[in-house]
> 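This structure is in structure tokens; I'll ask about it shortly.
Quick note: numbers below take in every heavy atom, side chains included, and nothing from hydrogens, waters or symmetry partners. A, B, ... follow the sequence lines: proteins, then strands. Residue 1 opens every chain.
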Protein chains: 2
Amino acid sequence: MEMDAQEKLLAAGTRLFAQKGFAAVSIRELSQAAETNSSLISYYFGGKEGLYAAVLEKQFASVDSVIASVRERHLSPVERIEAYAQGVLTAHTQNPYIIRFLYSEFANPTPAFEAIQKEVRKIYEFLHQTINEGITRGQFRADLNPAHAVLAIAGMMNFYFISRPLRRYFLPAEGEHDAQYFEDALKIYLNGVTKHGD
Amino acid sequence: MEMDAQEKLLAAGTRLFAQKGFAAVSIRELSQAAETNSSLISYYFGGKEGLYAAVLEKQFASVDSVIASVRERHLSPVERIEAYAQGVLTAHTQNPYIIRFLYSEFANPTPAFEAIQKEVRKIYEFLHQTINEGITRGQFRADLNPAHAVLAIAGMMNFYFISRPLRRYFLPAEGEHDAQYFEDALKIYLNGVTKHGD
DNA sequence: GTCTATATTGCGATAGAC
DNA sequence: GTCTATCGCAATATAGAC
């Protein structure tokens, strides 16, 4: 462990802002969770908003590295879709709170939104280009609308994590089927977009 | 129009709670948006929390009617998947804020969560049964995991609305392609789950 | 049924001791 | 670098006039 007050505040902020949203968390609650003093939030981060910005920045830095590692490899369209799915799984597994922040910013943008938008756009363009290439190469159905095909795969992959808290209430003791879901969803998707009668 | 104070508060609460979240909206802001007085929130709803509960109740009542109308029809598995997609489109079109409340409750359940959970469970079981029947009838692939197939279709359909606010920032002037997206996504999904070599 | 006025609590930020 | 104490303000709720 060995965390100083600044690190403990960042950790507490990540958890609490993700769980309850920015407005619902007070600096008193934050400082108690971090076992430190509320005045240190201003000292280190310039206030509650500054702490929130620091939390977001750290979250999305890790996303960026995942994207970059996928982009630089030379892969076929199908392999790229698979790499995207694996990247989503990796990102959400490494960082279970990121989907909350992403959605919070969708719904109610803060100044940090611009940076997030840039990340999302990179992913969108990567997928869009992948679909187009798959069509051009004759591997994907020619009647595919690329923008819609992108939304379809992104929805299949991200909704799994979005719906996680709710699923825990009514699905039989979901162990950790994450990898299996991604495999199954990929099969449905690739089967749905590729040409048949091969 | 002809709205009394109670109706105006309910309308203002729906918009503001959806846009900013429960904690980020004050009763002053609410009463100003409704062009009335903050004390009326307590008078009619017993307080800010009561107004929020009333907003949620009204939102999910409309979802229930959509589900019920789909369930009672006699449809084949493929037709039921199509009816589900149409139902999602209808519900979100009639009520653009519902996805926000749904997600807010996923992330941070309030006492209203129990009722929402019941609605979601109904939808889940409808889809699960549909997939199973499709497999039994030999229309869907036998190696399909029903739970995963449900999540895949729910993700494709709901993520479209979840991502709407963000898409507006980087997609070329999305007109209203909603119906077209649903058609395209359905084609991918059904193509992905049904048996081939027919 | 709707308003004004106000009681009370909790908020975020900061001054200043150590 | 971390604490205590406190300031000023905005929050929700309510009492009471009309």
Side-chain angles (χ1 to χ4, degrees), chain A residues 1-59 100-101 104-105 107-113, chain B residues 1-59 100-101 104-105 107-113:
Chain A
M1 278 298 196
E2 283 300 312
M3 290 169 100
D4 63 13
Q6 186 172 10
E7 289 171 315
K8 287 194 289 186
L9 282 168
L10 205 55
T14 302
R15 183 174 64 82
L16 288 171
F17 286 142
Q19 286 173 348
K20 310 175 71 169
F22 177 76
V25 182
S26 72
I27 58 166
R28 284 167 165 74
E29 185 179 4
L30 281 167
S31 56
Q32 278 170 21
E35 293 174 301
T36 181
N37 192 274
S38 73
S39 66
L40 293 184
I41 293 171
S42 285
Y43 180 75
Y44 284 118
F45 304 100
K48 185 181 150 182
E49 289 203 30
L51 173 56
Y52 183 74
V55 166
L56 278 191
E57 191 178 354
K58 197 178 170 188
Q59 294 280 310
R100 306 284 192 99
F101 291 114
S104 286
E105 290 291 321
N108 199 249
T110 69
F113 178 69
Chain B
M1 280 299 195
E2 284 300 312
M3 290 168 100
D4 63 13
Q6 185 172 10
E7 288 171 316
K8 287 194 290 187
L9 282 169
L10 206 55
T14 302
R15 183 174 62 81
L16 289 171
F17 286 141
Q19 286 172 349
K20 312 175 71 169
F22 176 77
V25 183
S26 72
I27 60 167
R28 284 161 162 70
E29 185 178 4
L30 244 12
S31 57
Q32 279 170 19
E35 293 174 303
T36 182
N37 191 274
S38 72
S39 66
L40 294 183
I41 293 171
S42 283
Y43 180 75
Y44 284 118
F45 304 99
K48 185 180 149 182
E49 289 204 31
L51 173 56
Y52 183 75
V55 166
L56 278 191
E57 189 178 357
K58 197 178 170 187
Q59 294 278 310
R100 306 286 192 98
F101 291 114
S104 287
E105 289 291 322
N108 199 248
T110 68
F113 179 68

> Any donor-acceptor pair, under 3.5 Å, between the side chain of Arg28(A) and the base of dG12(C), if you only look at N and O atoms?
yes
> For the pair made of CD in Glu7(B) and P in dT2(C), what is the distance, rounded to whole Å?
10 Å
> Looking at every heavy atom in both Ser104(A) and Tyr52(A), which two are closest together, and how far apart are they?
CB-OH, 4.3 Å
> Apply side-chain contact (heavy atoms from CB on, under 4.5 Å) to residues Leu56(A) and Glu105(A) and explain how you reach the verdict.
CA-CA 10 Å; Leu56(A) 278 191; Glu105(A) 290 291 321; 3.4 Å; yes
> Look only at the side chain of Glu7(B) and the backbone of Asp4(B), and say whether a donor-acceptor pair between them is shorter than 3.5 Å.
yes
> Could you check how far CG of Leu30(B) sits from P of dA11(D), rounded to whole Å?
12 Å
> Measure the distance from CG on Leu40(B) to C1' on dC18(D) and round it to the nearest whole Å.
14 Å
> Compare the minimum distances between each of dC3(C), dT4(D), dG12(C) and the side chain of Ser39(A), then state the nucleotide with the smallest one.
dT4(D)
> Output the single nucleotide from dT2(C), dG12(C), dT14(D) whose closest atom is nearest the side chain of Ser42(B).
dT14(D)
> Reckon Tyr43(B) has a side-chain N or O less than 4.0 Å from the OP1 or OP2 of dT14(D)?
no
> Ignoring hydrogens, what is the shortest heavy-atom contact between Gln19(A) and Arg100(A)? Give both atom names and the distance.
CA-NH1, 3.6 Å
> Phosphate oxygens OP1/OP2 of dA11(D): is one of them under 4.0 Å from a side-chain N or O of Ser26(B)?
yes
> Would you indicate which nucleotide in dA13(D), dT2(C), dC3(D) comes nearest to any side-chain atom of Tyr44(B)?
dT2(C)
> Specify the separation, in whole Å, of atom NZ of Lys20(B) and atom P of dA11(D).
10 Å
> Tell me: CG of Leu51(B) to C1' of dA13(D), nearest whole Å?
14 Å
> Grab the CD-C1' distance between Gln32(B) and dT4(C) for me, whole Å please.
15 Å
> May I have the step-by-step check of side-chain contact (heavy atoms from CB on, under 4.5 Å) for Leu51(A) and Tyr44(A), ending in yes or no?
CA-CA 8 Å; Leu51(A) 173 56; Tyr44(A) 284 118; over 6 Å; no
> On the nucleotide dC3(C), are OP1 or OP2 found under 4.0 Å from the side-chain N or O atoms that Thr36(B) carries?
yes
> CZ of Phe17(A) versus P of dG12(C): gap in Å, rounded?
9 Å
> Write down the distance between CG (Asn37(A)) and P (dT6(D)), rounded to a whole number of angstrom.
14 Å
